[in-house]
Amino acid sequence: MNFIIEAVVRAIKELYQTDIAAKDVNLQETRKEFEGQVTLVTFPYTKLSRKGPEQTGTEIGEYLKANVGEIAAYNVIKGFLNISIANSYWLGQLNNNILRDDFAVIPSNGKRVMVEYSSPNTNKPLHLGHVRNNLLGFSLAQILTAAGYDVVKANLVNDRGIHICKSMLAWREFGNGETPESSGLKGDHLAGKYYVWFDKAYKQQITELIEEGQTEEEAKKNAPLIKEAQRMLQQWEAGDSEVMNLWNTMNGWVYEGFDATYKTMGVSFDKYYYESNTYLLGKDIVEEGLEKGVFFKKEDSSVWIDLTEDGLDQKLVLRADGTSVYITQDLGTAQLKYDDYQMDESIYVVGNEQDYHFKVLFLILQKLGKSWAQGLYHLSYGMVDLPSGKMKSREGTVVDADDLMSDMFETAKQQTEAAGKVDGFGEDEKDKLYHTIGMGALKYFLLKVDPKKRLLFDPNESVDFQGHTGPFIQYTHARIKSVLSRAGYNAAATHTQAELDAIERDLIVWLTKFPDTITEAATSHSPAIIANYVYELAKTYNKFYHEKSIMQAESESLKQFRLMLSAASAKVISKAMNLLGIEVPERM
RNA sequence: GGUCCCAUAGCUCAGCUGGAUAGAGCAACAGAUUUCUAAUCUGUCGGUCUCAGGUUCGAAUCCUGAUGGGAUCACCA
């Protein structure tokens, strides 16, 4: 649309002897009820023309029509100049742009970006909140790759700490040597079982201590179980061989479980970081900060930074005993990541409950003068809520990721069989289809909403398969593929069509927007933009499909043209869904 | 209490840097298949864009305040 913007700039200069910048020309989509594809709002130019909006619009429209070949017609309604672009332009877009192999292939921008996501704790299985995190992170990585970045997907595994010791301790005390093999439980679920077990027994002890007259605070500190867990953590830090063995064994089980979940979800990583390797990092940065005078030491020799001038508080960065806190290791890990990859941008996919933490973290790194600090970005996404409120793992109100996904496959199976869609499918093919559709429904459901917003999930109301959903879009793709194979479509055939109906033109208009949509999604870090785009595209195609017969087109050349348009639509739908991490079936 | 985020149809959500009569899906109702997959399409119903001010030719969008909801303010991670 740049040629229109430039033409408007020229029109204003010719008509009103005023120079305006291209960025001040505001073009928008023409509303459906009016003729045209793009609309110029003329109110801003009435000052220059010293005429009413209608007359100004007419003058500009007249200029455009006379001087720009691609502009076929215009109409003016109040302050709106609706511009109709010639069919030849849209056909040119189809032939010379959309149908090319390199359509929507954005060249490398030479920049490297790291996307850190997932970052699970190894004491319990993944739940719905993690699912949103994983899908967002993976999709964002896909989008950034498509937008020309060199992307590194990183997973920072929280594999140590008191919470890990809790499940280890509970297993040692109550587990009777249970293993994934002996119990038939997935490794991560096995660890989670003992984590819950610990919490229950711990609460029991607290209650008892309170009955014996201790305050709740005292009881929480004095319960034998928590003391034992703390002792285990010390043993771990000292490298005690028995504890290390137990730790290695249980984490090994958990990783096997996670790998299976990741595989089902279809996400992957280029680089794993483990907190057991990074938790001691950051102390040299604390040293650096003290030297630079960014940090200061209190009498007890704990180290702090004063952020009150930035509207934040004082923040501890190192304990008096010289041990790290959360932010210490995050400072160190940030440096480590940069040393490893020298990336231009680094994105942390982490829930919005940590907004404050990341604000502080990034600010500290800026104050330390890290050149790369301005490339840090916290993709802060909203929590997933149930109708009953927030999910709480200890209270058992979480929606387990593995359970959820297998529920989705089951629902997909039922729906597909009910629709009688799998005649002539082999068993393997059926299973693959149920997986594709089930994951498509779930992923689309979670990705279509703006990441920033919190998301409501009702486990009792199964995810829809009709309307604004993943399966709707998948179905559109399968249907196109069916027509193409039925027609024996030959992609190499060339064709020029002279006439265009409105729906065909609309479809081309939507296809044309794909590259800009990728860029927009990348800059705003939002898969939702892709999700909403591909839905509109599929909807437009379905309308076209109903209005126009392809096989029974009025002429052979028209048939070939519609096949081309269909093939292009299928390709863009498939690519866009791929950016969301969603597969599209050839038939369903 | 301080700080931050959110509020659009009964429900779930779109609405780009301010622009036309605020859009989809679900739910409800009425239709469409002798023809390419009806997981589709068409139509009807449904709104004081939480409220009150302000800026502007023009505000769901920007500013201020209020109300309601959420998060956070740990020498937890």
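Every chain is numbered from 1 and lettered A, B, ... according to where its sequence line falls, protein lines coming before strand lines.
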Assign the ring pair A:Y274 / A:Y272 to parallel, tilted or perpendicular, where the plane angle (0 to 90°) is split at 30° and 60°.
parallel

When the [atom1] atoms of [N] and [M] are considered, how many whole Å apart are they?
N      : M      : atom1 : value
B:rC16 : B:rU50 : P     : 15 Å
B:rC57 : B:rC11 : P     : 37 Å
B:rA38 : B:rU44 : P     : 23 Å
B:rA52 : B:rA59 : C1'   : 15 Å
B:rU67 : B:rG23 : C1'   : 27 Å
B:rU48 : B:rA60 : C1'   : 13 Å
B:rA9  : B:rC26 : C1'   : 12 Å

What is the nucleic acid contact for [X], judged by heavy atoms within less than 4.0 Å: base, sugar-phosphate only, or nothing?
X      : value
A:H546 : base
A:Q354 : base
A:I162 : nothing
A:F34  : base
A:F43  : base
A:M383 : nothing
A:T416 : base
A:D450 : sugar-phosphate
A:A487 : nothing
A:T39  : base
A:P44  : base
A:D300 : base
A:D310 : nothing
A:K548 : base

Verify stack between A:F80 ring and B:rG19 base, 5.5 Å, 30 degrees:
no

Please determine, for the side chain of [X], which listed nucleotide ([options]) has the closest atom?
X      : options                : result
A:V325 : B:rA77, B:rC41, B:rU72 : B:rA77
A:H468 : B:rG25, B:rA39, B:rC75 : B:rG25
A:K543 : B:rU72, B:rC41, B:rC6  : B:rC41
A:V449 : B:rU72, B:rA39, B:rA14 : B:rA14
A:V41  : B:rC36, B:rG19, B:rC75 : B:rG19
A:M551 : B:rG19, B:rC36, B:rC75 : B:rC36
A:R319 : B:rC73, B:rC76, B:rC36 : B:rC76
A:F472 : B:rA20, B:rC4, B:rU40  : B:rU40
A:A419 : B:rU72, B:rA39, B:rA24 : B:rA39
A:R479 : B:rA38, B:rC75, B:rU42 : B:rA38

Please identify which of these residues, A:R132, A:K453, A:R454, meets the salt bridge (charged side-chain N to carboxylate O under 4.0 Å, His left out) condition with A:D385.
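Filter result, single survivor: A:R454.
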
Using atom types as modelled and distance alone, determine if a side-chain donor or acceptor of [X] lies under 3.5 Å from a backbone N or O of [Y].
X      : Y      : answer
A:H546 : A:K543 : no
A:T523 : A:E520 : yes
A:H477 : A:P585 : yes

Could you give the [atom1]-to-[atom2] distance, from [X] to [N], as a whole number of Å?
X      : N      : atom1 : atom2 : result
A:Y326 : B:rA74 : OH    : P     : 15 Å
A:R160 : B:rC76 : CZ    : P     : 12 Å
A:E536 : B:rG23 : CD    : P     : 13 Å
A:Y535 : B:rG15 : OH    : P     : 14 Å
A:Q552 : B:rU35 : CD    : C1'   : 5 Å
A:W510 : B:rA14 : CH2   : C1'   : 11 Å
A:E417 : B:rA39 : CD    : P     : 15 Å
A:Y533 : B:rG25 : OH    : P     : 19 Å

Is the phosphate of [N] approached by [X] (side-chain N or O, under 4.0 Å from OP1 or OP2)?
X      : N      : result
A:K453 : B:rA14 : yes
A:R31  : B:rA20 : yes
A:K421 : B:rA39 : yes
A:K513 : B:rC16 : no
A:R454 : B:rU12 : no
A:R562 : B:rC36 : no

So, are A:K220 and A:E217 salt-bridged, with charged N and O less than 4.0 Å apart?
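Looking at A:K220 and A:E217, the cut-off is not met.
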
Residue that, paired with A:S566, satisfies side chain to side chain contact (heavy atoms under 4.5 Å, CB included) out of A:Y545, A:F544, A:F561:
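Between A:S566 and the candidates, side chain to side chain contact (heavy atoms under 4.5 Å, CB included) is satisfied uniquely by A:F544.
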
Polar side-chain contact A:N82-B:rA20 base: donor and acceptor under 3.5 Å
yes

Taking the six-membered ring of A:Y348 as reference, does the NZ or CZ atom of A:K337 fall below 6.0 Å from its centre and within a 45° cone about the axis?
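Yes - A:K337 lies over the ring of A:Y348, closer than 6.0 Å to its centre and within 45° of its axis.
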
Could you tell me the separation between the CE atom of A:M577 and the CD atom of A:E583, rounded to the nearest 0.5 Å?
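That separation rounds to 10.5 Å.
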
So, for A:A441 and A:D464, which heavy atoms are closest and what is the spacing to 0.1 Å?
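In this case the closest contact between A:A441 and A:D464 is CB-O, 4.2 Å.
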
